[in-house]
Student: 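Quick one: structure below, then a few questions.
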Amino acid sequence: MTSKPEEKWISVKVRYANQVKKFKFNVHFNIRRVREEVVRAFNLRPPFDNYQLYWLKNGTQIPLSDLNKSLLEYGIPDGATLLLVHVHVVG
């Protein structure tokens with residue numbers, strides 16, 4: 001019998017520019033998936049690599065740069081605020 005990870009959902013707010021939207025994410029979602037859902041919800045255009053997520057923790061911006069890490073692995077709690085920032089990717 002295989003047991004899958006517990007389905008635990010958290011509510012987070014995401015700020016982009018002067019907009020704030022509320023989301024519910026499974027704590028096992030990785031940052032890549034969260035970023036893609038957030039970019040779509042704000043009606044922004046891919047590529048997704050043009051956007052970076054930060055966790056606003058006690059007034060500090062913590063970059064969520066490991067896209068394979070989950071919300072749980074980053075320790076992001078229910079009610080957290082994330083910040084979506086457009087970054088210029090030089091290619």
Side-chain angles (χ1 to χ4, degrees):
M1 182 166 105
T2 59
S3 63
K4 64 180 194 173
E6 179 189 344
E7 293 283 319
K8 183 172 188 316
W9 294 79
I10 59 171
S11 295
V12 296
K13 287 185 287 189
V14 180
R15 266 194 2 223
Y16 176 75
N18 60 354
Q19 302 174 69
V20 177
K21 290 186 185 281
K22 292 184 179 183
F23 295 86
K24 269 199 172 310
F25 291 121
N26 187 302
V27 294
H28 299 290
F29 285 1
N30 65 23
I31 298 303
R32 176 176 287 107
R33 178 170 177 179
V34 170
R35 179 181 67 179
E36 288 177 9
E37 289 193 25
V38 167
V39 167
R40 283 189 188 104
F42 280 103
N43 294 318
L44 302 171
R45 294 201 331 249
F48 298 112
D49 287 344
N50 286 354
Y51 301 92
Q52 168 76 47
L53 278 170
Y54 293 87
W55 173 19
L56 298 178
K57 182 181 181 186
N58 302 326
T60 304
Q61 292 182 13
I62 299 168
L64 305 177
S65 49
D66 185 341
L67 299 178
N68 296 315
K69 260 186 159 179
S70 69
L71 294 167
L72 183 66
E73 290 172 303
Y74 268 111
I76 295 173
D78 188 54
T81 300
L82 304 181
L83 179 64
L84 181 68
V85 176
H86 186 269
V87 292
H88 295 281
V89 178
V90 179

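Numbers for residues simply follow the sequence, beginning at 1.
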Student: When you look at R33 and N30, which way does the side chain to side chain contact (heavy atoms under 4.5 Å, CB included) test go after all the steps?
Tutor: CA-CA 6 Å; R33 178 170 177 179; N30 65 23; 3.5 Å; yes
Student: If you draw the axis of the six-membered ring of F42, does the NZ or CZ of K21 fall within 45° of it and under 6.0 Å from the ring centre?
Tutor: yes
Student: Kindly indicate whether the side chain of Y16, heavy atoms from C-beta on, has any atom under 4.5 Å from the side chain of V38.
Tutor: no
Student: When rounded to the nearest 0.5 angstrom, what is the spacing between CZ in R35 and CG in L84?
Tutor: 9.0 Å
Student: Could you tell me the separation between the CZ atom of F48 and the CD atom of E36, rounded to the nearest 0.5 Å?
Tutor: 4.5 Å
Student: Rounded to the nearest 0.5 Å, how far does CG of L82 lie from CD1 of I62?
Tutor: 10.5 Å
Student: I want to know whether W9 and F29 have ring centres closer than 6.0 Å.
Tutor: yes
Student: Quick one: pull up CD1 in I76 and CH2 in W55 and give me the separation to the nearest 0.5 Å.
Tutor: 6.0 Å
Student: With a 4.5 Å heavy-atom cut-off, do L83 and L53 have their side chains touching?
Tutor: no
Student: Under the side chain to side chain contact (heavy atoms under 4.5 Å, CB included) criterion, do I31 and D66 qualify, and how do the steps go?
Tutor: CA-CA 7 Å; I31 298 303; D66 185 341; over 6 Å; no
Student: What is the minimum heavy-atom distance between P77 and V12, and which atoms define it?
Tutor: O-CG1, 4.3 Å
Student: Can you tell me if R32 has over 12 outside heavy atoms packed within less than 6.0 Å of its CZ?
Tutor: yes
Student: Find the distance between CD (Q61) and CD (Q52) and round it off to the nearest 0.5 Å.
Tutor: 10.0 Å
Student: Which pairs count as side-chain hydrogen bond (donor to acceptor under 3.5 Å, both in side chains) when at least one residue sits in residues 78-87, sequence neighbours excluded?
Tutor: none
Student: Applying side chain to side chain contact (heavy atoms under 4.5 Å, CB included), run through Y54 and L64 and close with a yes or a no.
Tutor: CA-CA 5 Å; Y54 293 87; L64 305 177; 5.7 Å; no
Student: To the nearest 0.5 angstrom, please state how far the CZ atom of F25 sits from the NZ atom of K8.
Tutor: 14.5 Å
Student: Would you say NZ of K13 has more than 12 non-hydrogen atoms from neighbouring residues, nucleotides or ligands within 6.0 angstrom?
Tutor: no
Student: Give the C-alpha distance, both sets of side-chain angles, the deciding distance and a yes or no for side chain to side chain contact (heavy atoms under 4.5 Å, CB included) between S11 and K22.
Tutor: CA-CA 7 Å; S11 295; K22 292 184 179 183; over 6 Å; no
